[in-house]
Amino acid sequence: EEIMGRFPQLKDAAAYREARRMLTEELGGVASIKNELEHAQVVQEESNMLTAKSCPHPAGMNIEQMHLGPEYRCKFKICCNCPENDAHWDSDDPAWVGKASMSSRHKFLTTKNLHFQWFNALVFGLVDASLGGASKQEAFEEVTSMKAAALEYTKSKEEWSDDVGLFVHVFGHNTVNSLHMHILDMNALGPSYYKDEYRNCPVDAVLKVLREEMEVELAASLLSPNAQISSKAPEGIARLVSAGAVDRRPRVRGTDADTVLLDVGGERLSVARDALLLAPEGSLLRRVAAPRAEDGGFSIDGDGRVFLNFPPRAFKRIIDHLVFLQMAPSDVAVKPPSLPWAVREEVEHLAWLLGVWDLVVAGPQWGRGAPLETSTRPRPPRLGWSLCGPRRRPPPPLRPGQG
């Protein structure tokens, strides 16, 4: 009920991703679902296996299994709807809409593995290894095989078009507590498809999220300088390493000699950590600089970058100023950035939100770099601007000991 309430539509990668996050962070994880299934006598507590029920095979279904090919029919099974549901696929009678098949050609793919970790896509790769659970990489490979098996089936059937849809109903929106991938001929959809569209989550969306989660885990493991890239790892991992998105140098908590990789509103940035550490303790920006930003409540995108849902233009102005402040000599007063009117309010609001108002907006700040020993260069006057013309800014803050 919690999932249905939070996600009245669960038909894309964004909703699937968030549902998995909610399960692990708010709803007690896979254990809560397992307890629910045990209470309903769907899962056997000791064996972690689904309760098997024998059902008669409709005529001709044994032949249908042959269309999976030898590689897949040992692992998966093709199932069908009740004959009357198939017969009413194009009915718009309310009694059949949502009950009848979603297409004139509508089959299901299920697995012969009855371990409860495969009962629904919501828990793929989340079941603990101590319970016999597969890793995210193994779950990704299994779902990839399911997709390949379904397409092998439709390819061998002359009456099927090349436009094939593969969907799952994520837990909360499912009606059967066992895996069944819907295989639809998208060229012959019926009213039930549009009735159930809100919960038809594409298999490709499941694979996308599993890949993201897998790459984040693998990227974290690659922080070890001795880590080796598995030959089974997706090509994205090798791409991340070669592009430098995964820094394999040793890191020591508290050091500032490395880079923070960010995704700010969809724009990729690389920022020196020591510039971010100018932010005050407890500020939002300071938390971004933590060696494990996810511990600060931030999301990590599919490339291992800290995702910040901020306007990139204003964020870059703030970071540019902090970088210059960090580099400037300690006896040089750095003025707040000079900004166009169209940008100023956005920067000021974001600086307040990030906790760096005093550093960026309030007034001049002394640089944080080594002091200049001598300088014969004249320094520019500290001038600001008002609507009436130039006005002098207040002087920089007094140093300790100055009166």
Side-chain angles (χ1 to χ4, degrees), residues 21 25-26 216 219-220 223 245 247 251-301 303-371 382 384 393-400 402:
R21 185 206 63 77
E25 297 181 10
E26 300 177 26
V216 168
L223 292 177
D247 186 353
R251 296 187 181 186
V252 180
R253 176 175 286 275
T255 62
D256 57 8
D258 61 2
T259 301
V260 179
L261 303 173
L262 304 174
D263 178 345
V264 182
E267 188 166 332
R268 295 184 172 194
L269 301 175
S270 300
V271 182
R273 193 181 302 273
D274 51 2
L276 298 178
L277 290 174
L278 293 182
E281 288 284 354
S283 66
L284 183 61
L285 192 61
R286 182 82 175 213
R287 284 163 46 201
V288 174
R292 288 180 53 84
E294 60 268 34
D295 293 342
F298 299 101
S299 299
I300 307 298
D301 72 7
D303 290 339
R305 293 175 177 266
V306 180
F307 177 74
L308 303 174
N309 192 23
F310 299 140
R313 178 176 64 174
F315 187 85
K316 288 192 292 184
R317 294 275 188 166
I318 292 171
I319 295 302
D320 287 345
H321 183 73
L322 293 179
V323 169
F324 186 70
L325 186 63
Q326 192 265 336
M327 296 172 58
S330 60
D331 55 350
V332 170
V334 179
K335 301 182 296 180
S338 177
L339 301 170
W341 286 107
V343 184
R344 180 174 301 175
E345 188 175 65
E346 189 177 86
V347 169
E348 289 179 351
H349 287 168
L350 185 56
W352 175 83
L353 179 65
L354 294 173
V356 292
W357 169 274
D358 290 340
L359 288 174
V360 177
V361 178
Q365 298 285 320
W366 295 111
R368 302 305 200 266
R382 294 188 295 273
R393 294 189 189 272
L398 295 175
R399 297 180 183 279
Q402 291 180 331

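We number each residue from 1, following the sequence as shown.
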**Q** Measuring from atom CZ of R368 to atom CG of L359, what distance do you get when rounded to the nearest 0.5 angstrom?
**A** 6.0 Å
**Q** Any donor and acceptor pair, going by atom type alone, linking the side chain of H321 with main-chain N or O of V334 inside 3.5 Å?
**A**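 No; judged by distance alone, with no hydrogens or angles, the pair does not exist.
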**Q** Output the distance between atom NZ (K316) and atom CG (L269), rounded to the nearest 0.5 Å.
**A** 6.5 Å
**Q** Any Lys/Arg nitrogen of R317 or E346 sitting under 4.0 Å from an Asp/Glu carboxylate oxygen of the other?
**A**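 Here R317 does not pair with E346 in a salt bridge, since their nearest N and O are not under 4.0 Å apart.
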**Q** How close do A351 and V361 get, counting heavy atoms only, and between which atoms?
**A** CB-CG2, 4.0 Å
**Q** Check whether R344 reaches the backbone of L339 with its side chain - one donor and one acceptor, N or O, closer than 3.5 Å.
**A**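 Yes, because the side chain of R344 sits within donor-acceptor range (under 3.5 Å) of the backbone of L339.
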**Q** Would L284 and F310 satisfy side-chain contact (heavy atoms from CB on, under 4.5 Å), going step by step from the backbone distance to the final call?
**A** CA-CA 12 Å; L284 183 61; F310 299 140; 3.8 Å; yes
**Q** How long is the gap from CZ on F315 to CG on N309, to the nearest 0.5 Å?
**A**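 Separation between the atoms: 12.0 Å.
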**Q** What's the separation between atom CG in L322 and atom CE in M327, rounded to the nearest 0.5 Å?
**A**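 These two atoms lie 13.0 Å from each other.
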**Q** L278 and Q326: which non-hydrogen atoms are nearest, and at how many Å?
**A** CD1-CB, 3.7 Å
**Q** Can you tell me how far CG of L354 sits from CZ of R287, rounded to the nearest 0.5 angstrom?
**A** 10.5 Å
**Q** Indicate the atoms forming the closest heavy-atom contact of P311 with L350, along with that distance.
**A**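 Distance-wise, the nearest heavy atoms are O-CD2, 4.3 Å.
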**Q** Looking only at atom types and distance, does a side-chain atom of R273 sit under 3.5 Å from a main-chain N or O of V271, one as donor and one as acceptor?
**A** no
**Q** Check this for me: E345, atom CD, are more than 12 non-hydrogen atoms of other residues, nucleotides or ligands nearer than 6.0 Å?
**A** no
**Q** For the atom pair CH2 (W352) and CG (D358), what is the distance rounded to the nearest 0.5 Å?
**A** 13.0 Å
**Q** In sequence, state the C-alpha distance, the side-chain angles, and the governing distance for L276 and I319, and then conclude on side-chain contact (heavy atoms from CB on, under 4.5 Å).
**A** CA-CA 8 Å; L276 298 178; I319 295 302; 3.5 Å; yes
**Q** I'd like to know if the side chain of R286 reaches the main chain of A279, judged simply by a donor and an acceptor atom lying under 3.5 Å from each other, with no hydrogens or angles considered.
**A**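 Checking the backbone N and O of A279 against the side chain of R286, a donor-acceptor pair under 3.5 Å is found.
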**Q** Determine the minimum heavy-atom distance between V260 and A289, stating which atoms define it.
**A**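 Scanning both residues, the minimum pair turns out to be CG2-CA, 4.4 Å.
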**Q** So, do V356 and P280 sit near enough that their side-chain heavy atoms are less than 4.5 Å apart?
**A** yes
